[in-house]
Amino acid sequence: MDAQVRKVLRREEVRTDFRYQEVKRSGRNTDAEHNALVEISAIEAVIAALGPDYRDRQADNCGWDLEFERGGKKLCVEVKGNSGLTPRAEVSPNEYRIIKEVMEGRFTDGDYRLAIVTDAFGGRNVHLFAFTVSKGWVCERTGASVNATERIAAVFS
């Protein structure tokens, strides 16, 4: 992590304004700088948890961010983060397309995990969710589960 990112992260840790307190509770924020720092922190936390040997796929627009080797198989990991304490994430249409392939048993590029990093500026808790038809999305580390709620949206300009 470079010095500029560390400086901003330190600044985020000591902010006490009302807007930041609301973000801390919900884990959601629309501030672009804040969100970029959460993403950087989440990626770093997943790499620390899964190992330093990985392939960065963020720029490839393939539907996941990182690839690891695990048990001789490729592990495709989509990384999401928030500054709250609850595993919650929104995914892009492209990411959701891949997630639907996983849920429908059509994903063939390797094993897939959805990593949601909570408390991105504090403890950086990595929740690594795997999907099974019988149980849905379950965290391999804690046993907690999350559900996908499909939404339809539009942008007007």
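Remember, predicted model here, so these are calculated numbers, not experimental data. When reading the values below, keep in mind they use all heavy atoms of this one structure, side chains included, and skip hydrogens, waters and symmetry mates.
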Could you give the distance from [atom1] ([X]) to [atom2] ([Y]), rounded to the nearest 0.5 Å?
X     : Y      : atom1 : atom2 : result
Cys62 : Asp109 : SG    : CG    : 8.0 Å
Glu44 : Arg124 : CD    : CZ    : 5.5 Å
Arg55 : Leu66  : CZ    : CG    : 11.5 Å
Ile47 : Asp56  : CD1   : CG    : 7.0 Å

Counterpart residues, salt bridge (charged side-chain N to carboxylate O under 4.0 Å, His left out), relative to [X] (two or more places apart):
X      : answer
Glu140 : Arg70, Arg113
Asp60  : Arg57
Asp111 : Lys73
Glu39  : none

- Residues that Phe131 engages under ring-ring contact (aromatic ring centres under 6.0 Å, His included), provided they are two or more places apart: Trp137

- Query: Picking from Ile43, Leu50, Asp65, what satisfies side chain to side chain contact (heavy atoms under 4.5 Å, CB included) with Val77?
  - Reply: Leu50

- Message: Just to verify, which of Trp64, Tyr96, Phe129 counts as forming a side chain to side chain contact (heavy atoms under 4.5 Å, CB included) with Glu78?
- Response: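 That would be Trp64.
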
- Query: Between Asn125 (side chain) and Asp119 (backbone), is there a donor-acceptor pair under 3.5 Å?
  - Reply: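 Flag not set: sc Asn125 to bb Asp119 has no pair under 3.5 Å.
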
- Task: Would you confirm whether Ser41, through its side chain, and Phe121, through its main-chain N or O, come within 3.5 Å as a donor-acceptor pair?
- Result: no

- Message: Looking at every non-hydrogen atom in both residues, tell me the closest pair between Gly81 and Ala42 and how far apart they are.
- Response: CA-CB, 3.9 Å

- Message: If you compare all heavy atoms of Asp53 against all heavy atoms of Phe68, which two are closest, and at what distance to 0.1 Å?
- Response: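 It is O-CD2, 3.5 Å.
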
- Decide if atom NZ of Lys74 counts as having more than 12 heavy atoms of other residues, nucleotides or ligands within a radius under 6.0 Å.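 Yes - once you tally the heavy atoms of other residues, nucleotides and ligands closer than 6.0 Å, there are more than 12.
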
Is [Y] reachable from [X] through a run of I, L, V, M, F, W or Y residues, each pair having side-chain heavy atoms under 4.5 Å apart?
X      : Y      : answer
Tyr54  : Tyr112 : no
Ile116 : Val102 : yes
Val138 : Leu114 : no

- Message: For Asn82 and Thr118: C-alpha separation, side-chain torsions, deciding distance, then whether side-chain contact (heavy atoms from CB on, under 4.5 Å) applies.
- Response: CA-CA 5 Å; Asn82 68 57; Thr118 57; 4.1 Å; yes

- Please examine the side chains of Phe107 and Ile99, heavy atoms only from C-beta on, and report whether any two atoms are closer than 4.5 Å. no

- Message: I'd like to know whether Ser145 forms a side-chain contact (heavy atoms from CB on, under 4.5 Å) with Lys135, so could you lay out the CA-CA distance, the side-chain angles of the two residues, the decisive distance to 0.1 Å, and finally the verdict.
- Response: CA-CA 8 Å; Ser145 63; Lys135 295 183 180 179; over 6 Å; no

- Message: Testing the 3.5 Å rule here: is there a donor-acceptor pair between the side chains of His127 and Thr142?
- Response: no

- Query: With sequence neighbours left out, what residues match Val126 under side-chain contact (heavy atoms from CB on, under 4.5 Å)?
  - Reply: Ala45, Val46, Ala49, Val117, Arg141

